[in-house]
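Letters go in sequence order (proteins before strands), and every chain restarts at 1. What's counted below: heavy atoms across the whole structure, side chains too, no hydrogens, waters or symmetry copies.
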Number of protein chains: 4
Amino acid sequence: MTDNLNTTKNPDSTGPSPSPPGRIKIIQAFKSLLKKKDFDAITWAEIAKTAGVNEGLIYKYFNNSRNLLHQVLAEYLKQYLTEIEFALKGINGALNKLRKFIWFQINSANRERVFARIYILEVRTYSGYFQSETYKLTQEYDKVLLEILDEGIKNGEIRDDVLIAHMRMTIFGAIEHICLPSIIFNREMSPDDFTEDLCKILFSGLGKSN
Amino acid sequence: MTDNLNTTKNPDSTGPSPSPPGRIKIIQAFKSLLKKKDFDAITWAEIAKTAGVNEGLIYKYFNNSRNLLHQVLAEYLKQYLTEIEFALKGINGALNKLRKFIWFQINSANRERVFARIYILEVRTYSGYFQSETYKLTQEYDKVLLEILDEGIKNGEIRDDVLIAHMRMTIFGAIEHICLPSIIFNREMSPDDFTEDLCKILFSGLGKSN
Amino acid sequence: MTDNLNTTKNPDSTGPSPSPPGRIKIIQAFKSLLKKKDFDAITWAEIAKTAGVNEGLIYKYFNNSRNLLHQVLAEYLKQYLTEIEFALKGINGALNKLRKFIWFQINSANRERVFARIYILEVRTYSGYFQSETYKLTQEYDKVLLEILDEGIKNGEIRDDVLIAHMRMTIFGAIEHICLPSIIFNREMSPDDFTEDLCKILFSGLGKSN
Amino acid sequence: MTDNLNTTKNPDSTGPSPSPPGRIKIIQAFKSLLKKKDFDAITWAEIAKTAGVNEGLIYKYFNNSRNLLHQVLAEYLKQYLTEIEFALKGINGALNKLRKFIWFQINSANRERVFARIYILEVRTYSGYFQSETYKLTQEYDKVLLEILDEGIKNGEIRDDVLIAHMRMTIFGAIEHICLPSIIFNREMSPDDFTEDLCKILFSGLGKSN
DNA sequence: CATGAATGAGTGTTCATTCAT
DNA sequence: TATGAATGAACACTCATTCAT
């Protein structure tokens, strides 16, 4: 499956989509295929066959394949965004929130390993990613983290001698890397253990605290 | 460019091998194409044309496309491996070595941004990666880092209450993520600044140190 | 023309199927090419061009080339099967039926020499033949002969001191070999004469009967 | 492996070949490959590699692939020809000789199943076969059989009301067909049993002898 | 809203063959 | 006698895409 443009032809964008049966069937077929094989290995014909729908119909709804992928991802991302906001409520202190944030990320990646794999291996890889709708959604995520860091800096919990962007990248990079093997091999991981170690390292550093 | 197997067909393996002109031209053509476009978008026809060589010749030297990619990468990796070992010589203390290691990684990524992009976005993404020759080479890298961490734990510089594997992943993830934007957009980055911030975070943590 | 699998992808199997014009054109083009050259020498491009159809369409209807061949053969075979059953009706005695069977075989081979050539030289040669659908169809043929032999053994017309399978092979082998030169050189043959001699030999043996 | 012409460039034809090492290695490599895979699937590159010889060298000796095949076959055929003549010596009576001939054929096919497979499936299939050198050699075989039949007719052992050519074809066809499954699946066969049944059928016919 | 039929333009790969050395 | 390097031409197969109905 290849594609060039990122033309937006998202029926959802203009309001509550009527979501005709064909469209739903296509999305479901695509999701189920994504569980079995790489995005690049999925063909229109396969989707159509799995969905029990004509090939041509896919064009009606998703002009190009990347579009379909992004729409599926956007669904997940939107849901996570709601969840993370809810998950952080009632927690005091920036570091406490950060711990929760990290745990939530790992836990989500664990719950939806397929989705995580696609995001890390397929989407972020895509050269047009930073211009995509998906990227905009992930920025909302970023914002959640940045706010936590900001709060921590302001209230003195978090150091202020380092670029906040660098902190953010370190955190995301660490999370991602620690999850990568499990994601690639689709192995169960332990959010609690990973979070524990990650927070030790990220909060107080690798150095022995004397 | 797609491929199935990862069969090694390296004429170099049995000796110095004069490396016939055609082979060299192919590799150079491939490298130069890699600077312009994604690996997946590069075709045999393109390589052949760029190299001024017959398509069939590519097959002669590199059984399949992934093989060509891996051989090119292996070249870089071998070189880096030599360099990092040299670079660490004469440095005392695990954290000092770690700082140098981080700096070296970022600096290398900066010097060879194309290579870094391919490695992060194309190779590591590949499902057969962990069975590949390339992976074995990167494990040598890992070993260098692990030895530093080990030394640090033994001499009390580095904490011992965290899985060493988690430390390694955090470090690599952090480095990778901090370099990612520059790599993707092929922008110059500052190894010194990046290293400075990364080490602050990784050595003593995000938390305010008192 | 090469091929690997023998996957059945017969749109006809589930109903009457309008058999789209493209499919028909392909089959006809293929048949006409078969008259001119060996199966192995026929390319997709040639078929497509002859049929005035796109190459990809062949793939749509016949997953691989062997499949196309087998489907064409199956058509013939099915027709023959109906005919042979009809031809044997109203004949009394196993040897009389056998004579008719032999005559029918030779006559069919004569009528459709191209088909006969393909079957003998191309299909039966194919290593996957005995797993193919075509083979199953020819087994129906075999059954017709076996039933005749069986009847003859039971009613004392045919000897019972020889493996029935060996009789079958002798008969088929004899027919085939006697037709071979005509088939290869596409020369007219005389079913009556061939049958006469064959039956003499097969019924009462080479030995002088006194 | 494909080929068009049947150009004779047989170094043997002009006398006792010096048979340089390369040539021998090539033939041996080819023979051993023939045991493992179909003739069509064997490539020059493979032969050269197996023989430990350069690809180009094959051209020196065997202008085209069919030529190589035929030369290998000719070797076998010549040997068989000598053997059959020897085997028939000292046997009295046409039918006794015929029985021996049949047994010899089946036994040879059994001993060299690979060779038999090639001859039946690859060579005889080839459209230029009847113009080939190989065909001429097999005609020598035919002659042996024809002489037996002739003798039998003359001395009254064998019927004279049937074309001798038809007898020959029946015999060869029967032998071939009875051996075919074993040849294709490379299964051991019992020359004694096969001969016994074949001779019963061929000598006195399928019909119950009164 | 949905389909069946058909297309065009590639893709990686294969291989026999040639030739300078 | 033998080799390494290189080529040219094809081949089966793939797939996103279009369009009339």
Side-chain angles (χ1 to χ4, degrees), chain A residues 1-4 18 20-23 25-26 41-48 52-65, chain B residues 1-4 11 17-23 25-26 42-48 51-66, chain C residues 1-4 11 17-23 25-26 42-48 51-66, chain D residues 1-4 18 20-23 25-26 41-48 52-65:
Chain A
M1 236 166 155
T2 349
D3 57 276
N4 316 316
R23 187 172 187 278
K25 278 193 274 180
I26 291 168
I42 300 173
T43 67
W44 291 121
E46 231 169 350
I47 298 173
V53 158
N54 183 274
E55 272 184 66
L57 193 62
I58 311 186
Y59 280 76
K60 277 264 159 56
Y61 298 120
F62 314 92
N63 245 334
N64 69 53
S65 60
Chain B
M1 235 167 156
T2 348
D3 57 275
N4 315 316
S17 134
S19 234
R23 188 172 185 276
K25 279 193 273 179
I26 290 168
I42 299 172
T43 67
W44 293 72
E46 229 169 351
I47 299 174
V53 158
N54 182 274
E55 261 185 75
L57 200 61
I58 309 180
Y59 166 76
K60 264 274 171 58
Y61 294 119
F62 314 92
N63 251 328
N64 66 52
S65 57
R66 186 70 58 175
Chain C
M1 235 165 155
T2 348
D3 57 274
N4 315 317
S17 131
S19 233
R23 189 173 184 276
K25 279 193 274 179
I26 290 168
I42 300 173
T43 66
W44 292 68
E46 228 169 353
I47 299 173
V53 157
N54 182 275
E55 260 185 75
L57 200 61
I58 309 179
Y59 166 76
K60 263 275 172 56
Y61 293 120
F62 315 92
N63 252 328
N64 66 53
S65 57
R66 187 69 58 175
Chain D
M1 237 166 154
T2 348
D3 58 278
N4 316 315
R23 188 173 185 277
K25 278 193 273 179
I26 290 168
I42 299 173
T43 66
W44 290 122
E46 231 169 350
I47 298 173
V53 158
N54 183 273
E55 271 183 66
L57 193 62
I58 310 185
Y59 279 77
K60 277 264 159 56
Y61 298 119
F62 314 93
N63 245 333
N64 68 52
S65 59

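Between the CG atom of D/Leu57 and the C1' atom of E/dA16 there is a distance of 15 Å, given to the nearest Å. Between the P atom of F/dT3 and the CD atom of D/Glu55 lies a distance of 11 Å, rounded to the nearest Å. In this structure, A/Arg23 places its CZ atom 16 Å from C1' of E/dA2, rounding to the nearest Å.
Counting any heavy atom pair closer than 4.0 Å across all strands shown, C/Gly56 reaches a base atom.
Two residues, B/Gly52 and D/Gly52, neighbour DNA chain F, and the one matched to the more 5' nucleotide by heavy-atom proximity is D/Gly52.
Here E/dA20 sits opposite F/dT3 as a Watson-Crick or G-U wobble pair (both hydrogen-bonding atom distances under 3.5 Å). Nucleotide E/dT13 is matched to F/dA10 when pairs are restricted to Watson-Crick or G-U wobble geometry with both distances under 3.5 angstrom.
For E/dA6, the OP1/OP2 oxygens have no side-chain nitrogen or oxygen of C/Asn54 closer than 4.0 Å. Contact between the side-chain N/O atoms of C/Tyr59 and the OP1/OP2 oxygens of F/dC13 is not found at any separation under 4.0 Å.
With F/dA12, F/dA5, F/dA2 as the choices, the nucleotide that has an atom nearest any side-chain atom of D/Lys60 turns out to be F/dA2.
The distance from the CH2 atom of B/Trp44 to the OH atom of B/Tyr59 is 8.5 Å, given to the nearest 0.5 Å. In this structure, CD1 in B/Ile58 is found 12.0 Å from CG in B/Asn64, a value given to the nearest 0.5 Å. Note that the CD atom of B/Glu55 and the CG atom of B/Leu57 stand 11.0 Å from one another [nearest 0.5 Å].
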